[in-house]
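Hydrogens, waters and symmetry mates play no part in the numbers below; they use all other heavy atoms, side chains included.
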Amino acid sequence: MLNSFIAILGVVSSVAVLLAWKLLHRATNPSGLPLPPGPPGIPLLGNVLDINTAEPWLTYTEWREKYGEIVYSQLLGQPYIVINSTRVARALLDQRSAKYSGRPALAIYKLFSVDCMTGLLGYTDELRLHRKLFHQTLRAEAAAKYQALYLRKARELPERSDQTPLLFFRFAASVIMAVTYGYETLPQDDPYVTRVQELINIITTVALPERAALLAAFPFLARLPAWFPGLSFKGLAPHCRQLMNQVKDIPFEYTRKALAAGTAPPSMVAGFLQNQMEHAENTSGHQADLERSMKDTAASVFIGGAETTSSTLLTFILALVLYPRVQERACAEIDAVLGSARLPTFDDRSSLPYVEAVLREVLRWHNGVPLGLPHATTASDTFEGYYIPKDAIVIFNAWGMSHSSSDPDDDTRFNPDRHFLPDGKLSPHTAFTADPAFGFGRRICPGRFFADGSAWAAIVTILSVLRIAKAKDAEGKEIEVKPEFTTGSAVRPVPFRCAVMGRSAEREMCLQMGL
Ligand code: HEM
């Protein structure tokens with residue numbers, strides 16, 4: 001339906017938009033330099049029909065073979081620059097971040113009221129304020145303060161291991177809720193967690209890039225009713241707006257009340273509110289604005305962190321099922337360092353390099369946001385003889401960057417050994433928080449240190465206490481599992497069966513006794 005609708009609109013408006021685009025393009029390319037190479041496309045639609053919409057990163061990786069590390073394409077008149085190598089991403093997104101840190105202002109975000117989220121803001125003062133608030137709580141040294149919390153929550157995982165994959169979302173959500181609002185989530189059916197989960201489902205399945213491109217090319221569509229052919233997805237917008245408000249307001253008010261009652265533990269929001277109260281006379285003029293920004297930032301922590309962390313952990317379990325030798329080696333390393341009667345802590349981290357390599361490999365093998373979030377140019381630029389227009393959407397193909405060796409079979413293999421140098425030391429170049437999966441420049445993921453600590457705590461605890469294997473059918477035959485992932489802008493393994501068994505009675509005892 002969406003494709004046919006695009007086609008109809010395309011025929012009607014192609015000539016006008018094509019001419020307008022060409023005029024605009026000529027006017028903004030005074031240098032006469034060529035655009036980066038890319039697929040030819042057809043009038044108006046551009047390259048819409050060339051892209052594998054389920055797994056666009058595969059199309060972009062193919063384009064790398066044909067056109068190179070930087071590719072120009074066009075969707076419905078909107079210029080897209082695809083960056084296919086870390087070399088070019090560092091040169092443009094890191095080193096020229098002043099021009100490459102915008103985000104596309106897409107009508108679909110406004111329609112669903114998610115345009116206030118940090119990840120979707122343009123490079124504005126508001127964004128800088130959000131990032132400052134993030135930095136106070138989530139920078140490397142601050143995130144390290146939560147290690148005890150990560151471990152406490154991770155140690156609840158084995159007890160409830162029959163409930164994967166929901167379990168991992170709840171784990172991520174409960175750590176994030178504690179850090180952001182000082183709120184302890186319920187083990188099941190927590191009302192806040194359920195709302196965020198629903199909101200994330202809507203955002204990741206409805207706000208698809210091709211829909212965004214459609215609304216960007218034809219803004220009037222945002223005003224047409226949801227019964228209009230091809231626009232049924234708009235029917236979810238009112239519910240999404242309502243959810244968004246609840247996700248921002250309810251936990252915020254929880255922390256405010258807890259603070260007033262003197263029962264609030266330290267958290268991002270409690271710290272902010274305390275600071276507001278202490279400096280009320282300085283902030284009175286813009287107190288309401290500041291509070292709105294804090295609400296948006298806090299909700300962005302949850303929305304940005306919960307799904308990404310939980311999909312990372314599900315991918316880890318999938319890797320354990322598919323690569324039992326990796327699991328054996330990681331467990332052997334843990335047993336050799338810990339002995340049998342204690343659980344790992346962050347003090348053990350540097351003595352567990354293979355576990356570290358497993359964590360890095362999870363992100364390299366299949367990260368949950370294969371194309372990251374799109375950047376946008378805020379000024380035109382030239383790079384290696386090519387012209388890059390202003391207001392171009394710039395996509396970095398993080399998946400392609402970690403699948404770029406000369407041996408594609410090796411790229412698709414889960415192999416933690418690739419993170420070791422020949423002398424047996426971990427490579428300094430593949431640190432978890434430096435992975436292209438976290439993005440680049442001024443928009444790099446501010447939650448990466450948090451993700452690093454919480455994911456490490458979860459995987460080392462699971463490896464210490466549990467053994468994950470293929471599930472068996474009624475006849476005792478192993479059920480085969482394929483490494484398949486969902487599609488959309490945020491992905492996770494498709495549901496798969498696995499067997500979860502205890503592997504150390506002594507460590508389980510430690511868990512039960514809270515040691
Ligand atoms: C493995 C887990 C994670 C992955 C793979 C991931 C990935 C990303 C990526 C690719 C971006 C966009 C970067 C760019 O535009 O260059 C991003 C942005 C963001 N992430 Fe993460 N992230 C993860 C965990 C987290 C966590 C745990 C949090 C919060 C605690 C978080 C909060 C955010 C926010 C707020 C942004 C928007 C930043 C901005 O637009 O300036 N992320 N993340």
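Inter-residue side-chain proximity for Phe171 and Glu156 is flagged as unmet; no heavy-atom pair is nearer than 4.5 Å. Pro353 places a side-chain heavy atom less than 4.5 Å from the side chain of Phe420. In this structure, the side chains of Arg64 and Val71 stay at 4.5 Å or more apart for every pair of heavy atoms. Counting heavy atoms from C-beta outward, Val269 and Leu273 have side chains that approach closer than 4.5 Å. Counting heavy atoms from C-beta on, the side chains of Met117 and Met244 come closer than 4.5 Å. Within the 4.5 Å cutoff, side-chain heavy atoms of Met268 are placed close to those of Phe134. The side-chain heavy atoms of Val394 and Leu92, taken from C-beta on, include no pair separated by under 4.5 Å. Ile81 is not listed as a side-chain neighbour of Ile393, based on a closest heavy-atom distance of 4.5 Å or more.
Between the side chains of Arg170 and Thr185, no donor-acceptor pair of N or O atoms lies under 3.5 Å. In the model, Thr433 has no side-chain atom that pairs as donor or acceptor with a side-chain atom of Asp452 under 3.5 Å. Looking only at atom types and distance, the side chain of Thr486 has no donor-acceptor partner in the side chain of Arg492 under 3.5 Å away. Side chains of His419 and Glu356: no donor on one and acceptor on the other come within 3.5 Å. In this structure, a donor-acceptor pair under 3.5 Å is present between the side chains of Asn397 and Thr61.
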Check the pair Asp410, Arg418 against side chain to side chain contact (heavy atoms under 4.5 Å, CB included), reporting the backbone distance first and the verdict last.
CA-CA 10 Å; Asp410 182 53; Arg418 71 177 83 241; 3.1 Å; yes

Would you check, one step at a time, whether the test side chain to side chain contact (heavy atoms under 4.5 Å, CB included) holds for Glu184 with Met177?
CA-CA 7 Å; Glu184 284 291 324; Met177 286 301 277; over 6 Å; no

Would Val321 and Lys470 count as a side chain to side chain contact (heavy atoms under 4.5 Å, CB included) here? Give the steps.
CA-CA 6 Å; Val321 173; Lys470 284 186 181 149; 3.7 Å; yes

Could you go step by step and tell me if Ser504 and Met509 meet the side chain to side chain contact (heavy atoms under 4.5 Å, CB included) rule?
CA-CA 9 Å; Ser504 159; Met509 184 74 82; over 6 Å; no

Given ring-ring contact (aromatic ring centres under 6.0 Å, His included), test Tyr181 with Tyr192 step by step and report yes or no.
CA-CA 11 Å; Tyr181 300 102; Tyr192 303 157; 7.8 Å; no

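Between the side chain of Asp348 and the backbone N or O of Thr345 there is at least one donor-acceptor pair closer than 3.5 Å. Remark: side-chain polar atoms of Thr59 are paired, donor with acceptor, to backbone N or O of Asn52 under 3.5 angstrom. Looking only at distances, no side-chain donor or acceptor of Thr461 sits under 3.5 Å from a matching main-chain atom of Ala154. Remark: the backbone N or O of Asp409 is paired with a side-chain donor or acceptor of Thr412 at under 3.5 angstrom. Put simply, the side chain of Ser464 never gets that close to the backbone of Leu343: no donor and acceptor are under 3.5 Å apart. Not a single donor-acceptor pair under 3.5 Å links the side chain of Arg155 to the backbone N or O of Arg152. Side chain of Arg413 to main chain of Pro408: no donor-acceptor pair is present (N/O by atom type, distance under 3.5 Å, no hydrogens or angles). The closest donor-acceptor contact from the side chain of Arg443 to the backbone of Ser101 lies under 3.5 Å. Looking only at distances, a side-chain donor or acceptor of Glu361 sits under 3.5 Å from a matching main-chain atom of Asn415. Between the Thr255 side chain and the Pro251 main chain, a donor and an acceptor come within less than 3.5 Å of each other.
Within the structure, the ring pair (Phe, Tyr, Trp, His ring centres under 6.0 Å) test picks out the following pairs touching residues 303-354 (sequence neighbours left out): Tyr323-Phe414, Phe346-Trp456.
Shown are Arg292, Arg103, Arg131; of these, the salt bridge (charged side-chain N to carboxylate O under 4.0 Å, His left out) with Glu126 is made only by Arg292. Partner Asp335 forms a salt bridge (charged side-chain N to carboxylate O under 4.0 Å, His left out) with one of Arg507, Arg329, Arg342 and no other, that one being Arg507.
Atoms NE2 and OG, from His403 and Ser405 in turn, are 9.0 Å apart once rounded to the nearest 0.5 Å. Annotation: the span from Ser404 atom OG to Asn84 atom CG amounts to 9.5 Å, rounded to 0.5 Å. Note that CZ of Phe450 and OH of Tyr146 are 8.5 Å apart. Values are rounded to the nearest 0.5 Å. Between the CG atom in Leu466 and the CZ atom in Arg503 there is a gap of 9.0 Å [rounded to 0.5 Å]. If you take OG on Ser174 and OH on Tyr183, they are separated by 10.5 Å, rounding to the nearest 0.5 Å. The CG atom of Leu199 lies 12.5 Å from the OG1 atom of Thr194; values are rounded to the nearest 0.5 Å.
Heavy atoms only, all atoms of each residue included: Ser310 and Ala172 are closest at N-CB, 4.2 Å. Between Met294 and Phe252, the shortest heavy-atom distance links the atoms CG-CE1, 3.8 Å. Looking at every heavy atom in both residues, Cys331 comes nearest to Leu463 through SG-O, 3.5 Å. Nearest heavy-atom pair across Leu322 and Val481 is CD2-O, 3.2 Å. The two residues Leu157 and Ala458 come nearest to each other via the heavy atoms CD1-CB, 3.7 Å. Shortest non-hydrogen contact noted between Cys498 and Ile317 is SG-CG2, 4.2 Å.
Taking the charged nitrogens against the carboxylate oxygens, Glu141 and Arg139 do have a contact shorter than 4.0 Å, which makes a salt bridge. Taking the charged nitrogens against the carboxylate oxygens, Glu198 and Arg195 have no contact shorter than 4.0 Å, which rules out a salt bridge. The pair Arg360-Asp435 does not count as a salt bridge, with every side-chain nitrogen at least 4.0 angstrom from each carboxylate oxygen. Ion pairing of Arg256 with Glu291 is present here, as a side-chain N (NZ or NE/NH1/NH2) and a carboxylate O approach within less than 4.0 Å. Ionic pairing of Arg90 and Asp94 is present here: one or more N-O contacts between side-chain nitrogen and carboxylate oxygen are shorter than 4.0 angstrom.
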Donor-acceptor contacts under 3.5 Å from residues 366-375 side chains, at least two apart:
| from | atom 1 | to | atom 2 | distance (Å) |
| --- | --- | --- | --- | --- |
| Asn367 | OD1 | Val369 | N | 2.5 |
| His375 | ND1 | Tyr100 | O | 2.8 |

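Trp63 and Tyr60 have tilted rings, their planes meeting at an angle from 30° to 60° on a 0 to 90° scale.
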